[in-house]
Number of protein chains: 2
Amino acid sequence: MSQIRKPPTMADIARVTGVSPMTVSRAFKTDSLISKETREAILQAAEELGYVFDSTASNLRSQKTDFVAVTIPSLNNANFADTVGGLSETLAARNMQILLGYTNYDMAEEERLIEQLLRRKPQAIVVTGGKHTPRGRKLLENAHIPVIETWDAPAEPIGHFVGFSNAGVVREMVDHFVRAGYTRIAFIGGDAGRDTRGSDRRHGFLEAMKAHGLDTSRLIAAGPPPISMREGANAMARLIADYPDTEAVICVSDLSAYGALTECQRRGISVPEQIAIGGFGAYEIGSICVPTLTTIDAQAREIGRRTGALLIDILNGREDVGDVLIKPELIVRESTR
Amino acid sequence: MSQIRKPPTMADIARVTGVSPMTVSRAFKTDSLISKETREAILQAAEELGYVFDSTASNLRSQKTDFVAVTIPSLNNANFADTVGGLSETLAARNMQILLGYTNYDMAEEERLIEQLLRRKPQAIVVTGGKHTPRGRKLLENAHIPVIETWDAPAEPIGHFVGFSNAGVVREMVDHFVRAGYTRIAFIGGDAGRDTRGSDRRHGFLEAMKAHGLDTSRLIAAGPPPISMREGANAMARLIADYPDTEAVICVSDLSAYGALTECQRRGISVPEQIAIGGFGAYEIGSICVPTLTTIDAQAREIGRRTGALLIDILNGREDVGDVLIKPELIVRESTR
DNA sequence: TTGAAAGCGCTAACAT
DNA sequence: ATGTTAGCGCTTTCAA
């Protein structure tokens, strides 16, 4: 004879327990003043009634959702997944829930997403990247909540920033290659314009090569970001065809770098003897493939953790919080000599 | 002279525009009856005031959040990320927002998560796996919202199901190996008990081997799930040490299979000539490494898409919705003869 | 096509 | 330690 009935509310528990709804409310907060017996009676009644706390009502009344909105280019990228993981870990301690959205590496989509996420009244918003549509930027500025831009150093920060310079980091790798004696160095990346981090890395490559007085024409555009292993392999094939005397290649990510490596393996080109390969991101693949890949560890998880810690400080009202500059680390492995 | 002021509400827009709050509310719904001029005036006023629609209030009043709660074992797994991606894609068309939680392959954590997510009053909940703590199960049963279990065929479904039999699928691979002439076949998986999908696959392996009258002792436990590439490599090293005459090995995932492959490469063991390797999950790595990996495509993204479609049907009030049985596909590649 | 009244379920603010 | 009152911002419901 089960019948559809409305889920129990605090008022129902109050009635059963013989207290006021306010007391029931207090029983569910850890810090409030309430006698032990009253709380226990209330919690037991709640369990018996199958009560489920209603956050939507609580959120509205207290003007506090404990949501943190986060936009990332794509879930299917171990680096961004790690950042979200680190952030999630840190925020879980404060019982905050992440509201995740995927921009698909598209600023217009990001704008749409920001607008949608802000309607949920998050306590803070974390975006990947420092470039936005004008309207997206305005939405962030007018949101009146902490804004954190991650990964890319923004030209004009909106709020706080946790990340590093993508250009600078590739410059470091070029320097390493040059020190190792390579001069005919190529770059495999995505098509210009879409992925800002990828573009920044390409710019870093160009600047560094110019600084060393080296030829900057060996640029292979592997398609719209994100660049897959397969696209890295295809790009390597084109590189070999177009610039057969290339000595070293820097890839926009470890995934494309690994793809490039497999292309060499299929063609019997030895790495690093005939061509050296560098990647980006310190994906697990690069630490275990044969040969292992020289890469840059951008410390994706750390970016997430530090973002979470910064957020907690801000929400705790700390005033002296600044930006966090992450220091990526060059990891030299077997794919370069 | 900027001062902190409360964000504008519909009442503010109503005042400015000279209409009632109800009319403002109507202006934001696409389907409601309202004159074109009134709506335009309202939307313009809203833009000027920098109004942001408040979902929390809307949710409370209409008892409808447009949230779908989703639990997955880990974000950092391309298969689950694909499932969430497919689901997200499908639900975006209905403007539903996913509330994601990570169980870390732990049923107790799943229970905690389910409870937390239900407080947000989602319209539906999607869980990965068909095994839960007794209390977790009860929470799902009493939630009075559609429940979809994915990936594992549950022994006793709570609501709906979208997935396949993990055991059955590994059985298929064993059959394939046996047909190809292999008899001394090993299995590399995670420690028993934690990851239900991994355990199911191991069971499938054992059953199939027994059915063929073959030795089932070649089981390597590679550690607590999820099994990394590195752990796959270590497991392969142990397999070679403990059972040097092994002809073929089935790994619980492509990642561990790839790790195993690299271990063979480092030792100069040729694949598939000296040992054949099979994986699971159709990760990109298996389609591009040298040699490419025989695997099973579980159609992770399709699981997400079908889950989303099922959900939309249910929320649209369709009564004739059933379960969705996904048909994983064996992909034979170079790592087996 | 528009408006008025009421209330979703909780909690801030104040009182006892 | 507990209760009362009011109201968060929207939308359901009914009326015009």
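Every chain is numbered from 1, with letters handed out A, B, ... down the list of sequences.
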Choosing from C:dT1, D:dT2, D:dG9, which nucleotide comes nearest the side chain of A:Ile34?
D:dT2
Counting only side-chain heavy atoms from C-beta out, which of C:dT1, C:dC10, C:dG3 sits nearest to B:Ser20?
C:dG3
Nearest to the side chain of B:Met22, which nucleotide is it out of C:dC8, D:dT12, C:dC10?
D:dT12
Below 4.0 angstrom from OP1 or OP2 of C:dT1, is there any side-chain N or O of B:Lys36?
no
If you compare every side-chain N and O of A:Thr38 against the phosphate oxygens of D:dT2 (OP1, OP2), does one of them come in below 4.0 Å?
yes
Is there a side-chain contact between A:Lys121 and the phosphate of D:dC8, meaning an N or O under 4.0 Å from OP1 or OP2?
no
Note: B:Glu115-B:Arg135 ion pair, threshold 4.0 Å (strictly below)
yes
Could B:Arg197 and B:Tyr105 be counted as a cation-pi pair, given that NZ or CZ must be under 6.0 Å from the ring centre and within 45° of the axis?
no
d(CZ, A:Phe28; P, C:dT11) in whole Å
9 Å
With a 4.0 Å cut-off, would you call B:Lys138 and B:Glu141 a salt bridge?
no
Between atom CZ in B:Arg120 and atom P in C:dC10, what is the gap in whole Å?
14 Å
Quickly work out the B:Arg15 CZ to D:dC10 C1' distance and round it to whole Å.
15 Å
Any side-chain N or O of A:Gln63 under 4.0 Å from OP1/OP2 of D:dG9?
yes
Between CG of B:Asp66 and P of D:dC10 the distance, given in whole Å, is 16 Å
Taking the side chain of B:Phe53 as its heavy atoms from C-beta onward, which of C:dG3, D:dG9, D:dC10 lies nearest to it?
D:dC10
Does OP1 or OP2 of C:dT11 have a side-chain N or O of A:Lys29 closer than 4.0 Å?
yes
Phosphate OP1/OP2 of C:dG9 contacted by A:Tyr51 side-chain N/O (<4.0 Å)
no
May I ask you to check whether B:Phe80 and B:Tyr102 place their ring centres under 6.0 Å from each other?
no
Closest-nucleotide mapping onto DNA chain C: is B:Ser62 or B:Arg39 further toward the 5' terminus? I mean the 5' end.
B:Arg39
At less than 3.5 Å, do the side-chain atoms of A:Arg26 and the base atoms of D:dG3 form a donor-acceptor pair?
yes
B:Thr23 side-chain N/O to B:Val19 backbone N/O, donor-acceptor pair under 3.5 Å
no
Between D:dA1 (C1') and A:Ile42 (CD1): distance, integer Å
11 Å
Hey, does the side chain of B:Ser35 come within less than 4.0 Å of C:dT2's phosphate (OP1/OP2), counting only N and O?
yes
Select one nucleotide: of C:dT1, D:dC10, C:dT11, the one nearest the side-chain heavy atoms of B:Arg61.
D:dC10
Salt-bridge present (B:Arg301, B:Glu89; N to O < 4.0 Å):
yes
Atom CE of B:Met10 and atom C1' of C:dG3 are separated, to the nearest Å, by 15 Å
How long is the line joining CZ of B:Arg119 and C1' of C:dG9, in whole Å?
13 Å
Taking 4.0 Å as the cut-off, does a side-chain nitrogen or oxygen of A:Ser25 come that near to OP1 or OP2 on C:dT11?
yes
A:Leu60 CG to D:dG9 P: how many Å, rounded?
7 Å
Quick check for you: among D:dG9, C:dT11, D:dT11, whose closest atom lies nearest to any side-chain atom of B:Asp54?
D:dG9
Under 4.0 Å between a side-chain N or O of A:Thr23 and OP1 or OP2 of D:dG3?
yes
